[in-house]
Each structure stands twice: as structure tokens, then as C-alpha cells.
Amino acid sequence: MSYQDINEIIEVQKPQIEVSVKEQNGFNSPAETVEEVNHTAEAKKAMANKKTFVLALLAGGYIAMGSLLALIVGGAMPGFAETNPGLQKFFFGAVFPLGLILCAVAGAELFTGNTAYFIPSVFSKRMSFKVPLKNWAIVYFGNFIGSLLVAYFLVYLTGAIMNSPSVDSAINIAITKTSNPFYKTFLKGIACNWMVALAMWLAYASKDIASKILGIWFPVMAFVAMGFEHCVANMFFIPVAIFHGADITWMDFIVKNLIPATLGNIVGGALFVGTAYWYVYDKKK
């Protein structure tokens, strides 16, 4: 067999070899992950507005449930908070990822993740910027309503955190979140959604549920333990504190926290994740 014959056999079998190697990988490469994200953006674009809104309601509820779990577990450790604050913050952050895991695995529309998904497709001119703007508006409103429903009906009316250190923790968290100047909350919002969008990037890089959960857990646990600002989580934390008597007005919540946190989240997801990975892996040279 000549050298030329060997080369012809290799060229014929090369696509099959490449597919086989790709299937054996336990995760998508960064470039393949961007492709997966682009497919996700196309699917979100094609979804009916009513369905998007329902999934946004669910996402708001899921994040609220993760936040509630964090209050019940990490928020009920006043002794740890005084003697070992790092460990208390870790426990608080360790259970919070429940919400994003449910969004990623069960399926739901979360505003913070969506700030990143559409960017590569928009910048590569596969879709108009009107598409993410419409999606963000619907999803943001749905997340807000879903969070409030859980905060009022499933936490306040049920007394889920009454007569517990968790209620004091909720009030203290809300006071802290509405006491920072605009720029601090904005910057914390950037840092938060850099981590959250990366968590979803890792979920799309994963090919099985266990890997998705693990990929989500580390960045989300980290941003919570570090005290960064997630606008959808704050749609639960601050209203639930208001319902339980915190000396915070709804205007304080919106102006002093929700607006700067939201703007920071948009920058963190759209710029530091969506734009960065579009430039490296999807931009035409």
C-alpha cells in the first residue's frame, strides 16, 4: 500500500474519527459551547411570548426557593455569623444554587442568564438586537412576579421563617442591600452576573446532569458567599424582608438596589461573558 493510498483512507475516515472523538469527550469545548448557546438563543427567539412568560414565572419562583433555602440554612446560624463568618457565608452560598440548577435542568427563563445568550448571535448579525430586548423585558417582569408570589404566599403567609433567626437575617440582608451607594451595587451586580453567566456557560459545556449541577454550583456558591448582587434573587430577599416589617420602602428597594443591580447584571453577562466569548470564538476574522 502506497503512502498516497494511506492518506486517502485517512481523509475518508477523518470525519468519522472526529465525530467519535467528539462523542467521547465528556464536555463541549469553549467553541462548541458558544454554538450551543447560539442554538439556545434561536430557540428562545422562536418561543411564543406567553410560553416565555410562564417559564419566567417559574424561574423567579425557583430562584426564590433557592434564596429561601439559603435563609433557612445559612440565615439561621447567628452564632456562626459571629464566630466564623466565612463558614456561615459558605453554608448560605452552598444551598442557594438550587434555584439556578432548577432553571438549567428543568428549564426556565432567567433574566440574568439571558443577558449573555443572545450576544454572540446579535454581534454576528444572525438576529436583531430587538430580539433580546423583547425577551429581557418579558423575562424580567415574569421573574419579578414569580419571586413576589413565593415571597408573599409561600413564605410570609405560611410563616416559613417566623420565630426563627432567618427572619432577622432576611431583614439585615435587605437593609444592607439598600444601604450601599449606587456604584457599589452596580459593581457587585457586574461581578455577580459574570459568575452566573459563566455558571450557565458551564452548564452548556456539560453533557450530563451531574456535570451541569457541578458546573453551576461552584460559580453560584462563590458569588453568594462573596456578597455580590443578583437582581432576581433580590426580587425575593428584599420584598420578603418588607413583608416581615423591615423599615424599607418599595421605592428604596427599586431605586437603591434593583436598578443598579440590574444594570450591573446586564454588563456582567452581556460584556464579560457574551461579548468576550463571541469575540474569541464566533467573530468572523
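This chain uses plain numbering: 1 for the first residue, then up along the sequence. A quick note: this is a predicted structure, and the numbers were derived from the prediction, not measured.
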### Task
For the pair S124 (side chain) and R126 (backbone), establish whether a donor and an acceptor sit closer than 3.5 Å, ignoring hydrogens and angles.
no
### Query
When you measure from the side chain of W217 to the backbone N and O of A94, does any donor-acceptor pair fall under 3.5 Å?
yes
### Query
Is a side-chain N or O of S67 found less than 3.5 angstrom from the main chain of F236, in a donor-acceptor match?
no
#### Entry: Expected output: side-chain N143 to main-chain V232 donor-acceptor under 3.5 Å
no
### Message
Is there a path of hydrophobic side-chain contacts, each under 4.5 Å between heavy atoms of I/L/V/M/F/W/Y residues, joining F153 to F237?
### Response
yes
Which donor-acceptor pairs under 3.5 Å do the side chains of residues 193-202 make with protein atoms, sequence neighbours left out?
| unit_1 | atom_1 | unit_2 | atom_2 | d |
| --- | --- | --- | --- | --- |
| N193 | ND2 | T112 | O | 3.0 |
| N193 | ND2 | T115 | OG1 | 2.9 |
| N193 | ND2 | N265 | O | 2.7 |

### Query
Can you find a pair of side-chain heavy atoms, one from K184 and one from E229, that are under 4.5 Å apart?
no
### Query
For atom CZ of F53, is the number of surrounding heavy atoms from other residues, nucleotides or ligands below 6.0 Å larger than 12?
yes
### Query
Are the aromatic ring centres of F223 and F96 under 6.0 angstrom apart?
yes
### Query
Where do V139 and E109 come nearest, in terms of heavy atoms and distance?
CG1-O, 3.3 Å
### Query
Any side-chain heavy atom of F27 within less than 4.5 Å of one from D208?
no
### Query
How would you list, by chain and number, every residue that makes a side chain to side chain donor-acceptor pair (under 3.5 Å) with Y140, sequence neighbours excluded?
T262
### Message
Under 4.5 Å between side-chain heavy atoms, counting indirect links through other Ile/Leu/Val/Met/Phe/Trp/Tyr residues: same cluster for Y277 and Y279 or not?
### Response
yes
### Message
Are the side chains of T185 and K256 in contact, using a 4.5 Å heavy-atom criterion?
### Response
no
### Query
Is V54 linked to L110 within one hydrophobic cluster, defined over Ile, Leu, Val, Met, Phe, Trp and Tyr using a side-chain heavy-atom separation of less than 4.5 Å?
no
### Message
Could you check whether any side-chain heavy atom of L187 comes within less than 4.5 Å of a side-chain heavy atom of F228, counting everything from C-beta outward?
### Response
no
### Polar side-chain atom of S128 near backbone of K130 as donor-acceptor pair, under 3.5 Å
yes
### Task
Could you tell me whether F243 atom CZ has more than 12 heavy atoms of other residues or ligands within 6.0 Å of it?
yes
### Message
Do F272 and V34 land in one hydrophobic cluster if side-chain heavy atoms of ILVMFWY residues count as linked below 4.5 Å?
### Response
yes
### Message
Is a donor from one side chain sitting under 3.5 angstrom from an acceptor on the other, for N38 and S121?
### Response
yes
#### Entry: Heavy-atom side-chain proximity of L55 to L58 below 4.5 angstrom
yes
### Query
For T33, does its backbone N or O pair with a side-chain atom of E36 as donor and acceptor, under 3.5 Å?
no
Could you list the donor-acceptor pairs under 3.5 angstrom formed between side-chain atoms of residues 84-91 and any protein atom two or more places apart in sequence or on another chain?
| unit_1 | atom_1 | unit_2 | atom_2 | d |
| --- | --- | --- | --- | --- |
| N84 | OD1 | L87 | N | 3.3 |
| Q88 | NE2 | G74 | O | 2.6 |

### Task
Decide whether N172 and S169 meet the rule of one side-chain donor and one side-chain acceptor closer than 3.5 Å.
no
### Message
Hydrophobic clusters here meaning ILVMFWY residues chained together by side-chain heavy-atom distances under 4.5 Å, can you tell me if M65 and L157 are in one?
### Response
yes
### Message
Which heavy atom of Y117 sits nearest to which heavy atom of V37, and what is that distance?
### Response
O-CG1, 3.4 Å
### Message
Looking at W136 and F111, would you say the former's side chain and the latter's main chain have a donor-acceptor pair under 3.5 Å?
### Response
no
### Note: K177-D252 ion pair, threshold 4.0 Å (strictly below)
no
